[in-house]
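Working notes for the structure below.
Just so you know, ligand 1 is whichever comes first in the structure, and atom 1 is the first atom listed for that ligand. If you read the sequence from its start, that first residue is 1, and numbering goes on from there.
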Amino acid sequence: MKKTVSMLFVFFVLLNCGELTRKPNERSENTSSENPKEAQVNEFAIVIHGGAGTILKENLSDEKEAEYRAKLEEAIRVGYTILEEGGTSLDAVEKTINVLEDSPLFNAGKGAVFTNAETNELDASIMDGSNLNAGASAGTKTVKNPINLARKIMENSPHVMMAGDGAETYAKEQGLELVSPEYFYVENRMQSLKRVKEKDAQKESDNASAFYDATIKDSKFGTVGCVALDKNGNLAAGTSTGGMTNKRYGRIGDVPIIGAGNYANNATCAISGTGWGEFFIRATVAHDISALIEYKGVSLKEAANEVIQKKVPALGGDGGIIAVDKYGNMEMNFNTAGMYRAAMNDKGELVIGIFKE
Ligand code: ASP
């Protein structure tokens with residue numbers, strides 16, 4: 001009896017101290033003022049990528065490099081303006097990605113790579129960090145801007161992911177712009193497919209590693225992505241891609257898989273990835289980075305390093321991520337030769353990069 005009474009006493013003391021009622025978020029807010037690394041760095045911020053891979057200075061003419069830089073700047077300024085005017089991170093992410101999807105320079109929307117069957121099959125996803133709502137579409141062939149479809153799926157349907165014909169039907173019902181498959185045709189993407197197929201044919205056996213050797217080595221990924229923090233503290237992430245050149249058998253990569261190529265959570269950060277999708281799925285790249293912050297309390301940089309510089313390469317994969325955390329810290333982290341990327345802080349300072357520094 002005495003024991004029960006004293007246990008009850010301890011319980012109520014703890015309850016009054018808030019130890020049993022405090023939610024994890026409240027705990028991290030309480031500690032943020034004590035920890036300088038958790039101070040608000042930017043009221044709002046935006047980061048974009050246009051794919052990672054074997055992007056080398058010697059393979060890119062000055063003219064082409066200038067074209068990439070100009071398009072990255074055009075895209076990020078669209079999102080930046082939305083955020084500066086008090087718009088939502090979701091709008092900033094969607095509209096910024098639209099600019100990249102409409103450019104043939106990137107492997108998303110117009111400019112998507114070709115499958116083995118010489119078709120273009122596009123994947124995209126978007127996530128709202130304020131409520132963990134998410135939308136994704138996979139393998140669409142006629143939706144002009146797949147990121148718009150991902151957002152409609154997130155906001156107007158009870159589902160998270162739609163694929164193939166069903167996704168196209170839903171896009172039509174939602175009044176999204178559809179195009180004929182020829183819209184996506186870009187000559188240099190077709191030439192890339194032919195080169196990859198030739199390499200493939202030179203291989204003696206058709207085992208998985210030979211296929212991947214021919215398909216992936218020396219490849220440039222080219223997916224596009226955007227992450228943003230808005231003035232209301234809401235994070236959002238979006239990613240859009242044509243997938244990987246010469247993909248077969250209805251292959252779907254990491255981009256439409258929430259937690260692999262894309263993730264956003266107001267409690268931690270927003271992440272968009274680009275790279276060898278199979279490894280990003282197996283390493284649950286985007287969610288892993290968020291989880292390291294949420295459960296281990298590490299910084300965004302430490303979390304990104306752990307996953308991109310250690311976990312993914314240890315499995316044999318490569319690629320990179322862009323991210324912004326709830327404090328406005330921005331991160332562009334890759335283990336490839338280069339990654340098309342740009343970032344803007346709340347003072348409007350712009351950084352654009354392509355190669356490793
Ligand atoms: N991650 C994409 C995929 O595997 C490719 C890319 O990043 O370009 O589908």
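Distance CZ/Phe355 to CZ/Arg341: 9.5 Å, rounded to 0.5 Å.
Note on ligand 1: Gly275 sits in its first shell, one or more heavy atoms being nearer than 4.0 Å. For Arg251, the heavy-atom gap to ligand 1 drops under 4.0 angstrom. Using 4.0 Å as the threshold, Gly261 has no heavy atom nearer than that to any atom of ligand 1.
Not one N or O of Gly273 is nearer than 3.5 Å to an N or O of ligand 1, by distance alone. At a 3.5 angstrom cut-off on N or O pairs, Glu278 does not count as close to ligand 1. Annotation: Asp254 places an N or O atom under 3.5 Å from an N or O atom of ligand 1; distance criterion only.
For ligand 1, the atoms sitting less than 4.0 Å from at least one non-hydrogen atom of Gly222 are 8 (O), numbered in the order shown with element in parentheses. Within the listing of ligand 1, atoms 6 (C), 7 (O), 8 (O) sit less than 4.0 angstrom from a heavy atom of Thr274. Every atom of ligand 1 with a heavy atom of Gly243 under 4.0 Å away is listed here by number and element: 5 (C), 9 (O).
No side-chain N or O of Glu63 forms a donor-acceptor pair with one of Ser61 less than 3.5 Å apart.
In this structure, Phe184 has its ring center at least 6.0 angstrom away from the ring center of Phe114.
Checking Asp346, Leu229, Asn329 one by one against Gln40, the side-chain contact (heavy atoms from CB on, under 4.5 Å) holds for a single residue, Leu229.
Aromatic ring orientation, Tyr68 versus Tyr340: parallel (interplanar angle below 30°, classes split at 30° and 60°).
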Original post:
Does the side chain to side chain contact (heavy atoms under 4.5 Å, CB included) test come out yes or no for Met161 and Ile257, once each step is laid out?
Top reply: CA-CA 8 Å; Met161 195 196 293; Ile257 297 183; 4.3 Å; yes
Original post:
What's the verdict on side chain to side chain contact (heavy atoms under 4.5 Å, CB included) for Met330 and Val227, showing C-alpha distance, side-chain angles and the deciding distance?
Top reply: CA-CA 9 Å; Met330 298 178 282; Val227 294; over 6 Å; no
